[in-house]
Amino acid sequence: MLIREATAADWPAIWPFFHTIVAAGETYTYPRDLDEETGREMWLLAPPGRTVVAVDDAGTVLGTAKMNPNHMGAASHIASASFMVDPQCAGRGVGRALGEHVLAWARAEGYRAMQFNAVVETNTRAVALWQSLGFTIMTTLPEGFHHPTKGYVGLHIMYQQF
């Protein structure tokens, strides 16, 4: 698996699984009816943000991550990131590889920590992955996320200091 910079040419491969994940409404706070153009603008970041894709030997996009300062100004020393893995590629280590890549990027760029602002507590695979990579659940906003089948569930804020 290769992780490389995402380009506009990757968007047609990202959009199908991005759309499926967002429309399911189970893991992202994005509007479930998010249109393609808005999704592309939100995901393919300009500097100081960065977007990458994980591809296999044939060049097939398996997943993607975007990384950026969590806030501006005096809080811009804390990074944040978001991840999407094609559900057809789940369980193949794509999320872990993207997570490790993003953490290495943040450290190399001089960030002091990384914060995830909205990890849905019922997304147990993601929570376990982030904990295995050194993140701690700092707090959970009770009923901070309206899950389409489970009702109101908690929204974790996760953090790792470098």
Side-chain angles (χ1 to χ4, degrees), residues 1 3-6 10-46 49-56 60-71 78-106 111 113-160:
M1 178 181 340
I3 297 175
R4 62 166 174 76
E5 292 289 327
D10 292 313
W11 184 250
I14 296 169
W15 172 248
F17 66 84
F18 180 101
H19 177 62
T20 297
I21 292 166
V22 170
E26 297 176 349
T27 57
Y28 271 85
T29 60
Y30 297 158
R32 293 176 70 184
D33 61 351
L34 187 70
D35 66 87
E36 183 174 1
E37 181 60 24
T38 304
R40 187 182 64 72
E41 289 173 10
M42 293 170 63
W43 198 260
L44 296 180
L45 300 180
R50 181 173 178 239
T51 305
V52 296
V53 289
V55 298
D56 66 13
T60 303
V61 175
L62 310 172
T64 181
K66 67 173 186 163
M67 56 215 86
N68 49 272
N70 192 45
H71 294 289
I78 307 297
S80 192
S82 298
F83 305 83
M84 289 200 189
V85 173
D86 185 336
Q88 296 178 20
C89 301
R92 293 174 44 188
V94 177
R96 178 171 296 280
L98 286 166
E100 290 170 349
H101 179 88
V102 165
L103 287 167
W105 168 84
Y111 287 97
M114 183 168 282
Q115 177 179 327
F116 296 155
N117 302 312
V119 182
V120 180
E121 72 180 351
T122 55
N123 190 359
T124 56
R125 289 183 73 184
V127 173
L129 172 60
W130 305 138
Q131 288 176 319
S132 77
L133 289 175
F135 284 84
T136 301
I137 297 170
M138 299 302 291
T139 193
T140 302
L141 177 62
E143 298 187 353
F145 185 82
H146 190 216
H147 192 283
T149 61
K150 298 177 182 178
Y152 291 99
V153 299
L155 202 55
H156 296 318
I157 296 174
M158 300 184 78
Y159 177 82
Q160 181 180 146

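One is the number of the first residue; the rest follow in order along the sequence.
Nearest heavy-atom pair across Ala6 and Val53 is CB-CG1, 3.9 Å. Residues Glu121 and Gly154 come closest through the heavy atom pair OE2-N, 2.7 Å. Taking every heavy atom of both residues into account, Val61 and Ala13 meet most closely at CG2-CB, 3.8 Å. Met114 and Phe135 make their closest contact through O-CE2, 3.7 Å (heavy atoms, listed as atom of the first residue, atom of the second, distance). When all heavy atoms are compared, the tightest approach of Glu26 to Pro148 is CG-CG, 4.0 Å. Nearest heavy-atom pair across Ala54 and Leu98 is CB-CD2, 4.0 Å.
The aromatic rings of Trp105 and Tyr111 are tilted relative to each other, their planes meeting at an angle between 30° and 60°. Classification of the Trp15-Trp11 ring pair by plane angle, with boundaries at 30° and 60°, yields tilted. Classification of the His146-Tyr152 ring pair by plane angle, with boundaries at 30° and 60°, yields parallel.
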* Does the pair Met84 and Ile14 meet the rule for a side-chain contact (heavy atoms from CB on, under 4.5 Å), with working shown? -> CA-CA 9 Å; Met84 289 200 189; Ile14 296 169; over 6 Å; no
* To do: I would like to know whether Phe18 and Leu34 meet side-chain contact (heavy atoms from CB on, under 4.5 Å); could you show each step before the answer?
  => CA-CA 10 Å; Phe18 180 101; Leu34 187 70; 3.7 Å; yes
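Evaluation of the side-chain contact (heavy atoms from CB on, under 4.5 Å) rule for Ala23 yields His19 as partners, not counting sequence neighbours.
Between Thr140 and Leu155, every side-chain heavy-atom pair lies at or beyond the 4.5 Å cut-off. Using a 4.5 Å heavy-atom cutoff, the side chains of Glu100 and Leu133 are in contact.
A distance of 11.0 Å separates CD1 in Ile157 from CD1 in Ile137, rounded to the nearest 0.5 Å. If you take CG on Leu62 and CD1 on Ile3, they are separated by 9.5 Å, rounding to the nearest 0.5 Å. The CH2 atom of Trp130 sits 4.0 Å away from the CZ atom of Phe83 when rounded to the nearest 0.5 Å. Note: Leu45 CG to Thr51 OG1 = 4.0 Å, rounded to the nearest 0.5 Å. Here Asp10 contributes atom CG and Arg4 contributes atom CZ; the two are 4.0 Å apart, rounded to the nearest 0.5 Å. To the nearest 0.5 Å, atoms OG (Ser82) and OH (Tyr28) are separated by 4.5 Å.
In the displayed structure, Gln88 atom CD is contacted under 6.0 Å by at most 12 heavy atoms of other residues, nucleotides or ligands. Within a 6.0 Å radius of CZ in Arg96, more than 12 heavy atoms belonging to other residues, nucleotides or ligands are found.
Of the possible donor and acceptor atoms, one in the side chain of Thr64 sits under 3.5 Å from a partner among the backbone N and O of Val52.
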